[in-house]
Amino acid sequence: QVQLVESGGGLVQAGGSLRLSCSASESIFGIEAMGWYRQAPGNQREFVAAMARGGVTNYADSVKGRFTLSRDSGENTVLLQMTSLKPEDAAVYYCTVDVWPAGRYWGQGTQVTVSS
C-alpha cells in the first residue's frame with residue numbers, strides 16, 4: 001500500500017509563502033499524475049494543481065500565478081510552492097497520486113493557516 005507523506009504546512013501571514021512537499025513511501029510505477037487538493041472548513045474539497053505524466057500542469061484559477069507545482073520524478077516527490085498567500089487559501093491540503101490501474105492515492109493532509 002503506497003503512502004503519501006506531506007510536510008510544509010503551517011501558519012503564515014497574508015502575502016507570505018509556504019512550500020508543501022509530498023513524498024511517496026515507495027517507488028511507484030504507472031504514475032499518471034501527481035497534485036494537490038484542499039479543503040477549508042465547511043467547504044467541499046477542491047482541486048488546486050496537478051502535473052500529468054509528461055509534465056503538463058494545470059492549476060485552479062484561484063491559484064494561477066501564485067502557486068507553482070514541481071515534481072522530482074526520481075524521488076517520487078511533488079512540491080507546491082505557494083506565494084502571495086491569501087486568507088482564503090487557508091485549508092487542509094491533500095497530496096494525490098493517480099496510478100494506473102490502481103486509482104488515486106491520498107495523503108493525510110497538512111494544515112495551511114493564513115492570518116490577515
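Only heavy atoms go into these numbers, but all of them, side chains included; no hydrogens, no water, no symmetry mates.
- With sequence neighbours left out, R104 forms a side-chain hydrogen bond (donor to acceptor under 3.5 Å, both in side chains) with Y37, D98.
- Separation of atoms CG (L69) and CG (L79) is listed at 8.0 Å; rounding is to 0.5 Å.
- Among residues two or more places apart in sequence or in another chain, the salt bridge (Lys or Arg N to Asp or Glu O under 4.0 Å) test is passed with R45 by none.
- Listed by first and then second residue, the salt bridge (Lys or Arg N to Asp or Glu O under 4.0 Å) pairs that reach into residues 107-116 come to none, sequence neighbours excluded.
- Take T68 and apply the side-chain contact (heavy atoms from CB on, under 4.5 Å) test, not counting sequence neighbours, and it matches Y59, Q81.
- Around the CD atom of E88, the shell of radius 6.0 Å holds more than 12 heavy atoms that belong to other residues, nucleotides or ligands.
- Both V48 and L18 belong to a common hydrophobic cluster when Ile, Leu, Val, Met, Phe, Trp and Tyr are linked at side-chain heavy-atom distances under 4.5 angstrom.
- The side-chain heavy atoms of V78 and W36, taken from C-beta on, include a pair separated by under 4.5 Å.
- Atom CH2 of W106 has more than 12 heavy atoms from other residues, nucleotides or ligands within 6.0 Å.
- Atom CD1 of I31 sits about 10.0 Å away from atom CZ of R53, to the nearest 0.5 Å.
- Residue pairs meeting the salt bridge (Lys or Arg N to Asp or Glu O under 4.0 Å) criterion with at least one partner in residues 106-116, sequence neighbours excluded, do not occur; the list is empty.
- In terms of the side-chain hydrogen bond (donor to acceptor under 3.5 Å, both in side chains) criterion, residue partners of D61 (sequence neighbours excluded) are, by chain and number, K64.
- Contacts classified as disulfide bond (SG atoms under 2.5 Å apart) and involving residues 84-116 (residues at least two apart or in different chains) are given here: C22-C95.
- Here the OH atom belonging to Y93 is positioned 7.5 Å from the CG atom belonging to L80, to the nearest 0.5 angstrom.
- Residues Y94 and M51 are members of separate hydrophobic clusters, defined by side-chain heavy-atom contacts under 4.5 angstrom among Ile, Leu, Val, Met, Phe, Trp and Tyr.
- Looking at residues two or more places apart in sequence or on another chain, you find a salt bridge (Lys or Arg N to Asp or Glu O under 4.0 Å) between R66 and D89.
- With rounding to the nearest 0.5 Å, the separation of CG in L85 from OG in S17 is 6.0 Å.
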Residues 108-116 side chain polar contacts: donor-acceptor under 3.5 Å, at least two apart:
unit_1: Q108; atom_1: NE2; unit_2: E6; atom_2: OE1; d: 3.4
unit_1: T110; atom_1: OG1; unit_2: G9; atom_2: N; d: 3.3
unit_1: Q111; atom_1: NE2; unit_2: A91; atom_2: O; d: 3.4

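- One finds the CE atom of M34 at 7.0 Å from the OG1 atom of T77 (value rounded to the nearest 0.5 Å).
- Partners of A50 according to the side-chain contact (heavy atoms from CB on, under 4.5 Å) rule, which considers only residues two or more places apart in sequence or in another chain, are F47.
- Listed by chain and residue number, R38 satisfy the side-chain contact (heavy atoms from CB on, under 4.5 Å) test with E46 (two or more places apart in sequence, or in another chain).
- Once rounded to the nearest 0.5 Å, the distance linking OG1 of T57 with CZ of F67 reads 14.5 Å.
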